[in-house]
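In what follows, a structure is listed as C-alpha cells, so that the remarks can point back to it.
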Amino acid sequence: MSTKKYQNPVGAALAGALELFKKKVKYGELKDSDRIDGKTVLITGSNSGLGFATAVDLAKRGGHIIMACRSGIPTAGEEVKRLSGSQKVEMMKVDLSDMDSINAFIEELKNKGVKIDILIMNAGIVPAQSRKTKQGLEEMFMVNYFSAFVVVKKIIEGSFMNTIAADKPKIIFTASESHRSGPDIDWNTFGKYQEYTMGKSVALYGYYKLLLVTFAQELNRRLNKNGLTISVFSLCPGAVNSNIAKEAPEFLKPVIKVLFGLFFNSPFNADEPLLYFACSKDMKDQTGMYLHLMSMKDVDERATDVITGEMLWQRSEELLTSLGG
Ligand SMILES: NC(=O)c1ccc[n+]([C@@H]2O[C@H](COP(=O)([O-])OP(=O)(O)OC[C@H]3O[C@@H](n4cnc5c(N)ncnc54)[C@H](OP(=O)(O)O)[C@@H]3O)[C@@H](O)[C@H]2O)c1
C-alpha cells in the first residue's frame, strides 16, 4: 500500500531523520567475529557515502573489495586502503547510466575471472531533473533500477557469482523505505523517457525503489525456488549523511549540510544493515529479507505480488533486448 510521506524533498528528509530517533527492536547484532576473510565483495557506488563506508568496513573484516564506480578512481580506493589498513582493495570503472559502459565492465569481470561472494548493488541518485542517457532512457530509472536488473542478470548468466564456495553467495540491494510511497507500477510508461523537475524527483525516486524491491523479491523467487543458490537481501539504511542531495538547489545546500550533519546518520553507522547481511553468521543460508536500519520488516505488499514480479522481469528483459542485450 502506497504511503505519502516520501513524496517531496522536505517530507522525505524529515521522515528519514525522525525514523532515526524512534525506538526500534534490533533484529540482531553484528559481532567482531563476523568476518569475511577471503571473500570477494563487489560494491557499486562505493566512492562516496554509504558505499564508501561499506567498502572500508568490509575490507576491515577481511573482504577483497572491488569498488565498481564511475568516479573517484583511484583516489577513493587509496582512501579505503588507508582507512581499513587492507591492501585487498581495487577499483573498476562502470557508469551505470550507460549500457556500453556496463557491457565493458561485464567483459572486464570475465577477463579477470572474477568470482563474487557478495554483490552489493548500492549506487543511486536523486537528480535535479530528468536527463536522457546515451541510450535514450531516463537516468534515474537507469541508475536506480534498470542497471541493477542488467548487471545482476549479466553477472549471474556469466557465472561470476561464486556458487561453488561452501557459503552461499549473496546479492544485497540498497533500497529505501520510500519504496512504500511510490505509486503502483505503470506498465504504459515503463522504461519510457519522461520529463520531470526536482519537485517530482523525490516521488519518482520512491517509485524506482519500488521497482528495485519488486525485482529483488522476484530474483529471490527465481534463484531459490528449488533450494537456496544465492541469498537475496534488500534494505533501507535510514537517513544517511552522504552526497545524495548533491543536486539540490544551491540556495538549499547550506541548510541541507547542517541538517544532514545534525540529524542524519554517518555512513559508518548507517552501513550496519549492509554489514549484517554481508557478514553475520545469522544471515548464512537466509534469503529474501529486508532490513530498515536494523529492524526486520516486510517489504510493501505490492513488491511481493508474484504476477507483478513476473511482469517486471519480462518487461525489463524486453527493454534489455531492445537495447541490444
Ligand atoms: N542518503 C540517504 O539518506 C539514503 C536513504 C535511503 C537509501 N539511500 C540509498 O543509498 C545508496 C547510496 O547512496 P548515498 O546516500 O551513499 O549517496 P551518495 O554519497 O551520493 O552515493 C551514491 C553513489 O552512487 C554512485 N552513482 C551515481 N550515479 C552513478 C552512475 N551513473 N554510475 C555509477 N555509479 C553511480 C555515485 O557515484 P558518483 O560519486 O560518481 O556520483 C556514488 O558513489 C543509494 O542507493 C541511495 O538511494 C540513501
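Computed from a predicted structure; not experimentally measured. Start at 1 and go down the list; that is how both ligands and their atoms are numbered.
Residue Lys209 places a heavy atom less than 4.0 Å from ligand 1. For Thr174, the heavy-atom gap to ligand 1 drops under 4.0 angstrom. For Ser101, the heavy-atom gap to ligand 1 stays at 4.0 angstrom or more. For the ligand labelled ligand 1, residue Glu139 lies outside the 4.0 Å heavy-atom shell. Assignment of Ser178 to the shell around ligand 1 is not supported, since no heavy atom sits closer than 4.0 Å. Using a 4.0 angstrom heavy-atom cutoff, Tyr205 counts as in contact with ligand 1.
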Quick one: side chains of residues 42-54, donor-acceptor pairs under 3.5 Å with protein atoms, not counting sequence neighbours, listed by atom name and distance.
{"unit_1": "Thr44", "atom_1": "OG1", "unit_2": "Asn122", "atom_2": "N", "d": "2.8"}
{"unit_1": "Thr44", "atom_1": "OG1", "unit_2": "Ala123", "atom_2": "N", "d": "3.0"}
{"unit_1": "Ser46", "atom_1": "OG", "unit_2": "Ile43", "atom_2": "O", "d": "2.9"}
{"unit_1": "Asn47", "atom_1": "ND2", "unit_2": "Ser71", "atom_2": "OG", "d": "3.1"}
{"unit_1": "Ser48", "atom_1": "OG", "unit_2": "Asn243", "atom_2": "ND2", "d": "2.9"}
{"unit_1": "Thr54", "atom_1": "OG1", "unit_2": "Leu50", "atom_2": "O", "d": "2.7"}

List the atom pairs, donor and acceptor, that lie under 3.5 Å between side-chain atoms in residues 145-157 and the rest of the protein, sequence neighbours left out.
{"unit_1": "Tyr145", "atom_1": "OH", "unit_2": "Ser316", "atom_2": "OG", "d": "2.6"}
{"unit_1": "Ser147", "atom_1": "OG", "unit_2": "Met142", "atom_2": "O", "d": "3.0"}
{"unit_1": "Ser147", "atom_1": "OG", "unit_2": "Val143", "atom_2": "O", "d": "3.0"}
{"unit_1": "Lys153", "atom_1": "NZ", "unit_2": "Glu157", "atom_2": "OE2", "d": "2.9"}
{"unit_1": "Lys154", "atom_1": "NZ", "unit_2": "Asn103", "atom_2": "OD1", "d": "2.9"}
{"unit_1": "Lys154", "atom_1": "NZ", "unit_2": "Gly325", "atom_2": "O", "d": "3.3"}

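Evaluated by nearest non-hydrogen atom to atom 22 (C) of ligand 1, the leading choice among Ala53, Gly124, Gly51, Ala76 is Gly124. Among Gly45, Ser97, Ser242, the residue whose heavy atom sits closest to atom 17 (O) of ligand 1 is Ser242.
At a 4.0 Å heavy-atom cut-off, ligand 1 touches Leu96 through backbone and side chain alike.
For Cys69, no nitrogen or oxygen atom sits less than 3.5 Å from a nitrogen or oxygen atom of ligand 1, counting backbone and side chain alike. Some N or O of Val240 is nearer than 3.5 Å to an N or O of ligand 1, by distance alone.
The pair Arg222-Glu218 counts as a salt bridge, with a side-chain nitrogen and a carboxylate oxygen less than 4.0 angstrom apart. In summary, Lys168 and Asp285 do not engage in a salt bridge, as defined by a charged side-chain N under 4.0 Å from a carboxylate O.
Residue-ligand proximity, Asn122 to ligand 1, at heavy-atom distances under 4.0 Å covers atoms 11 (C), 12 (C), 44 (C), 45 (O). Less than 4.0 angstrom separates some heavy atom of Lys246 from each of these atoms of ligand 1: 38 (P), 39 (O), 41 (O).
Here the CG atom belonging to Leu58 is positioned 11.5 Å from the CE atom belonging to Met67, to the nearest 0.5 angstrom.
No side-chain donor-acceptor contact under 3.5 Å links Ser101 and Asp98.
Remark: Lys257 NZ is loosely packed, at most 12 non-hydrogen atoms of other residues, nucleotides or ligands lying under 6.0 Å away.
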